[in-house]
Participant: 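Mind looking over this structure? Questions follow.
Just so you know, these numbers use all the heavy atoms, side chains as well, and skip hydrogens, waters and symmetry mates. Bear in mind the structure is a predicted one, so any value in this text is a computation, not a measurement.
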Amino acid sequence: EVYKCLVENMDVKFITSVNEENHLRGLSNANITYFEATSETLKFIPKGIINKFPNVNALKFNFEKLAELSESDLKPFGTNLNFLWISVSAIETLKQNVFNSTPYINQLFLSAPNLMNIEYGAFDRLPYLNKLAFQFHCINEDATTKNDVLRLIDSIRTRCYVKGPYTQI
């Protein structure tokens with residue numbers, strides 16, 4: 001069963017304390033598995049989420065000004081993370097190593113209208129990915145099976161401007 005935490009208009013760089021008074025009876029931060037946050041101002045993923053919500057395996061961020069999504073943003077969630085939804089306006093590049101620490105993501109949704117560069121191999125570290133949805137300048141598609149995911153990644157490589165440290169397509 002999913003127990004969700006929603007933070008609207010998040011504006012902190014580091015989560016140091018959490019009000020635990022609003023939980024359902026008998027539940028605590030340790031029961032939260034889905035963390036969702038929105039922000040019109042943050043340019044980064046706040047640190048400390050996993051410290052306060054140790055069993056989070058699903059993240060949804062709607063951050064208008066998020067400028068970069070990096071491996072260090074996702075690393076604290078490690079192998080627990082299996083669902084990631086990112087909706088941002090400011091990201092222009094998705095780096096090759098962004099998912100290195102989160103290989104068990106099986107559902108990825110990315111909406112980034114200003115995304116211009118996807119480094120080659122960015123999705124290679126996601127062997128369990130079986131649902132994928134993209135909404136950005138060159139593609140607006142989704143895939144719901146492993147084979148469709150592979151076709152969509154190939155489509156991204158051929159239809160979108162993709163660059164990276166090893167190969168430019």
Participant: Working to the nearest 0.5 Å, report the span between CD1 of Ile86 and CG of Asn62.
Facilitator: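 Result: 9.5 Å between the selected atoms.
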
Participant: Quick one: OG on Ser87 to CG on Leu110, what's the gap to the nearest 0.5 Å?
Facilitator: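 Here the interatomic distance stands at 8.5 Å.
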
Participant: Do other residues, nucleotides or ligands put more than 12 heavy atoms under 6.0 Å from the NZ atom of Lys131?
Facilitator: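 At most 12 heavy atoms, drawn from other residues, nucleotides or ligands, come within 6.0 Å of this atom.
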
Participant: What distance separates Thr79 OG1 from Tyr128 OH, expressed to the nearest 0.5 Å?
Facilitator: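 It is 10.5 Å, given to the nearest 0.5 Å.
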
Participant: Please list all pairs passing the side chain to side chain donor-acceptor pair (under 3.5 Å) test where one or both residues lie in residues 42-59, with sequence neighbours left out.
Facilitator: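 Those involving residues 42-59 are Lys47-Asp73.
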
Participant: Of all residues at least two apart in sequence or in a different chain, which pass the side chain to side chain donor-acceptor pair (under 3.5 Å) check with Thr144?
Facilitator: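 Partners of Thr144 by the side chain to side chain donor-acceptor pair (under 3.5 Å) criterion come out as none, since no residue qualifies.
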
Participant: For Glu141, which residues count as a salt bridge (Lys or Arg N to Asp or Glu O under 4.0 Å) partner, sequence neighbours excluded?
Facilitator: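 Here the qualifying residues are Arg159.
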
Participant: Within the 3.5 Å criterion, strictly below it, is a donor on Glu8 or Thr38 matched to an acceptor on the partner's side chain?
Facilitator: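 On atom types as modelled, these side chains do not qualify, holding no pair under 3.5 Å.
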
Participant: Please examine the side chains of Pro46 and Met10, heavy atoms only from C-beta on, and report whether any two atoms are closer than 4.5 Å.
Facilitator: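 Met10 vs Pro46: side chains touch.
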
Participant: Quick check: do Leu132 and Asp142 have side-chain heavy atoms less than 4.5 Å from each other?
Facilitator: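 Leu132 does not reach Asp142 side chain to side chain.
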
Participant: Are side-chain N/O atoms of His23 and Asn31 paired as donor and acceptor at under 3.5 Å?
Facilitator: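 Asn31 and His23 do not have a side-chain donor-acceptor pair below 3.5 Å.
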
Participant: We want to know whether Asn117 and Thr93 form a side-chain donor-acceptor pair, criterion being a heavy-atom distance below 3.5 angstrom.
Facilitator: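 A donor-acceptor contact under 3.5 Å links the two side chains.
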
Participant: Nearest 0.5 angstrom please: Leu81 CG to Thr102 OG1, how far?
Facilitator: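 Here the rounded value is 6.0 Å.
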
Participant: Are Asn100 and Arg125 packed together at the side-chain level, in the sense that at least one heavy-atom pair is separated by less than 4.5 angstrom?
Facilitator: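 The answer is yes; the side chains approach within 4.5 Å.
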
Participant: Hey, does Lys13 have a side-chain heavy atom less than 4.5 Å from the side chain of Phe44?
Facilitator: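 In short, these two side chains touch, coming nearer than 4.5 Å.
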
Participant: Report the residues that fulfil ring-ring contact (aromatic ring centres under 6.0 Å, His included) with Phe134, sequence neighbours left out, ordered by chain and then residue number.
Facilitator: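 ring-ring contact (aromatic ring centres under 6.0 Å, His included) check on Phe134 returns Phe123, Phe136.
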
Participant: In chain order, what residues pass the ring-ring contact (aromatic ring centres under 6.0 Å, His included) check against Phe109, with sequence neighbours excluded?
Facilitator: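 ring-ring contact (aromatic ring centres under 6.0 Å, His included) list for Phe109, sorted by chain: Phe83, Trp85.
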
Participant: Residues in ring-ring contact (aromatic ring centres under 6.0 Å, His included) with Phe99, at least two apart?
Facilitator: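 Once residues adjacent in sequence are excluded, Phe99 has no partner under the ring-ring contact (aromatic ring centres under 6.0 Å, His included) criterion.
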
